[in-house]
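Heads up: the structure comes next, in C-alpha cells.
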Amino acid sequence: MLAFFKWLGQAGSAAEGAALGVAAVACRVDARCTVPPACIGVLADAGGRTRRVAAGARMEASADELAFCFHPGPYVIDVQPYALAPELGLRLHVAVDAPDPRVPQQRFDLFLCSEGGASLSHERLRGLAEEALRGELEQGNLELPPCTTLAEWHAFRARLNQLLYTRFGLSVDDCVPTDLGAQVDYADLLRSRAHGAVLAPPKPQAPAVPSQEELAATDADALRRLFLELPRITHGLRQASMAGDAAQFRHHQSLLQRLDRLGLEAGTMPSLAWATPDRALEPAQQWRRARHSKRAARALDEAWALLARLNLADGAARPTLLDDADRIVANLEHDVVARRAVRAGEVSS
C-alpha cells in the first residue's frame, strides 16, 4: 500500500518547518527529526493508521511510516461564502481540535496523511474551508440569509462548527462577519464580466489530455483518499443511530454494506497505466480513469458534509439525510466501477 503515498511529495525543508504556525500549518519532515516546540508530530503508516509525537520528542518512524509536523494554531482565515459577492466575508478563528481519547484516530491526522501532501499552507487550508462552506450553502444545507436574526446566526454557527470539525478536524473558536472589499479588485472583476458577456460563446473543443505525470498524480491523490477515508466515513455512518424505525434501519444497513464493498474496491484498484498485466492502457482511457477518480474524491467531500449534518440532525430529519446518503453512495459506486473499467463502453459515463 506504499503506492498510495507515492505522490505526497518529499519531506519539507528546515525553512518550512520553521514556518509552521505562520505561513504553513503542516509539512512532511524527516523521519528521524525532533518535533519543534509548540508543534505536534504525526507518524502515518501505509494503511492510514496514525500516532502522535509530542513536542520536543524525536520521531522514530518505521520503514513504512511517513512523518509530519503541524502547529495546532489558532489561525485566522477569511472566507468568502458567496462567489458573486466577494466583499462579503467571514473571519474564522480556527485551531486543530484537541485529541479526543474516545476515537482511535484524530480527524486532523487523517486529513493530514490523506490530503496534506508535502506541505499544507495557511492559504490552502483557507481555500479548502471556503470550498466546503460554499458547497453546503449552494446545496441549501447551510443558510446564511440577509439580515440574519440572532437565532439564525447561532444555527449557522453550530452547523459551520460541525462541518469544519467533521471535514478537517478543526474547531471554530470565533466567527464574525467581515468586509473584504479592500481585497477585491472591482475594476478587474467588472472587466472580466463585461469581457465574458461581449464575447460569443466559444466553439466546443475536445479537452486537452494532460501529461502522464499530471494524470498519475491526480489519480493517485484520489485513490489515496478513497483508500484512507472510506473506512472512516463508514464508521461515522455506523455511529448514526437509526433505532425505532425498521425501514430506516434496513436502509442504514444497506448503505453500510455498500460502503464496505466500496472500501474493498478502492483497496484493489488496477494500475492507471495498464489494461491487463501485459497490455498498456491508451492515454485517452487513462484520462477517463483519472477523471472518475477525481469525481469519486469530490463525492467524499459530500459524504463528510453529510456526516456533519447527521451529527446535528434529529430523528425527523434522518430519512431525508439517508436519501442524500443513498445518492452520494450511488455516485461513488458509479465512479469506482468506471475507474476499474478498461474502456468507457463497459460502463455508462
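Side chains are part of it too, since the values below use all heavy atoms of this structure and drop only hydrogens, waters and symmetry mates.
The backbone N or O of L237 lies less than 3.5 Å from a partner atom in the side chain of H252, making a donor-acceptor pair. Checking side-chain atoms of R126 against main-chain N and O of V79 turns up no donor-acceptor pair under 3.5 Å. The backbone N or O of S271 sits less than 3.5 Å from a side-chain atom of R289, completing a donor-acceptor pair. Between the side chain of Q105 and the backbone N or O of G48 there is at least one donor-acceptor pair closer than 3.5 Å. Checked by atom type and distance alone, the side chain of Q106 pairs as donor or acceptor with a backbone atom of D100 at under 3.5 Å. Of the possible donor and acceptor atoms, none in the side chain of E136 sits under 3.5 Å from a partner among the backbone N and O of N141.
A ring pair (Phe, Tyr, Trp, His ring centres under 6.0 Å) with F108 holds for exactly one of F68, F70, Y165; it is F70.
Under the rule for a side chain to side chain contact (heavy atoms under 4.5 Å, CB included), the partners of E143 that lie at least two apart in sequence or sit in another chain are P145. Partners of Q257 by side chain to side chain contact (heavy atoms under 4.5 Å, CB included), not counting sequence neighbours, listed by chain and number: R261.
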Check: residues 90-97 side-chain donor-acceptor pairs under 3.5 Å, at least two apart:
residue: R91; atom: NE; partner: D78; partner atom: OD1; Å: 2.7
residue: R91; atom: NH2; partner: D78; partner atom: OD2; Å: 2.9

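More than 12 non-hydrogen atoms from other residues, nucleotides or ligands lie less than 6.0 angstrom from CZ of R107.
Residues G89 and L180 approach most closely at CA-CD1, 3.7 Å, considering heavy atoms. In terms of heavy atoms, A132 sits closest to L163 at O-CD2, 3.8 Å. Scanning both residues, R340 and T268, for their nearest heavy atoms gives NH1-O, 3.1 Å. What you find for I77 and A129 is that their closest heavy atoms are CD1-CB, 4.1 Å. The two residues A55 and P36 make their nearest non-hydrogen contact at CB-O, 3.6 Å. Contact between P74 and D173 at its shortest, heavy atoms only, is CB-OD2, 4.4 Å.
When side chains are defined from C-beta on, V336 counts as touching M269, because their heavy atoms get closer than 4.5 Å. The side-chain heavy atoms of E214 and W287, taken from C-beta on, include no pair separated by under 4.5 Å. Side-chain contact check for C113 versus V42: every heavy-atom pair is 4.5 Å or farther apart. F111 places none of its side-chain heavy atoms less than 4.5 Å from the side chain of L170. Taking 4.5 Å as the limit, some side-chain heavy atom of D174 sits within range of a side-chain heavy atom of R157. Side-chain contact between H251 and P319 is absent, with no heavy atoms from C-beta onward closer than 4.5 Å. Between N331 and R295 there is no side-chain heavy-atom pair separated by less than 4.5 Å. For the pair V29/V35, no side-chain contact is recorded, criterion being any heavy-atom separation below 4.5 Å from C-beta on.
For the residue pair R318/Q248, the side-chain donor-acceptor check at 3.5 Å is not satisfied. Side-chain polar atoms of Q253 and R250 form no donor-acceptor pair below 3.5 angstrom.
Hydrophobic cluster membership differs between L312 and V172, with clusters built from Ile, Leu, Val, Met, Phe, Trp and Tyr side chains linked at under 4.5 angstrom. Under the 4.5 Å side-chain contact rule for hydrophobic residues, L310 and L256 share a cluster. In the hydrophobic clustering of ILVMFWY residues, with side-chain heavy atoms under 4.5 Å counting as a link, L88 and L160 come out apart.
Distance check, rounded to the nearest 0.5 Å: CZ of R288 to OG of S293 gives 9.5 Å. Between atom CZ of residue R167 and atom CG of residue D301 there is a gap of 4.0 Å, rounded to the nearest 0.5 Å. Atom CG of residue L228 and atom CZ of residue R49 lie 10.0 Å apart, to the nearest 0.5 angstrom. Here the CD1-CG distance, from I233 to L262, works out to 10.0 Å after rounding to the nearest 0.5 Å. Here T148 contributes atom OG1 and W153 contributes atom CH2; the two are 7.5 Å apart, rounded to the nearest 0.5 Å. Once rounded to the nearest 0.5 Å, the distance linking CG of D324 with CZ of R327 reads 4.5 Å.
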(message) Between E131 and L128, does the side-chain contact (heavy atoms from CB on, under 4.5 Å) criterion hold? Intermediate values first, please.
(response) CA-CA 5 Å; E131 182 181 352; L128 288 171; 4.1 Å; yes
(request) Any chance you could lay out the side-chain contact (heavy atoms from CB on, under 4.5 Å) test for L272 and L281, step after step, and finish with the verdict? (result) CA-CA 8 Å; L272 175 69; L281 193 66; 5.8 Å; no
(message) As a quick check of understanding, evaluate side-chain contact (heavy atoms from CB on, under 4.5 Å) for L223 and R339, giving each step before the final call.
(response) CA-CA 10 Å; L223 291 186; R339 168 60 177 76; 3.5 Å; yes
(message) One pair to check against side-chain contact (heavy atoms from CB on, under 4.5 Å): R32 and E60. What are the steps and the verdict?
(response) CA-CA 6 Å; R32 293 292 184 269; E60 294 294 342; 4.1 Å; yes
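Classification of E65 and R51 as a salt-bridged pair holds, one side-chain N sitting under 4.0 Å from a carboxylate O. Note on R225 versus E229: salt bridge recorded, some NZ/NE/NH1/NH2 to OD/OE distance being below 4.0 Å.
By the 30° and 60° cut-offs, the orientation of the rings of H71 relative to Y75 is perpendicular.
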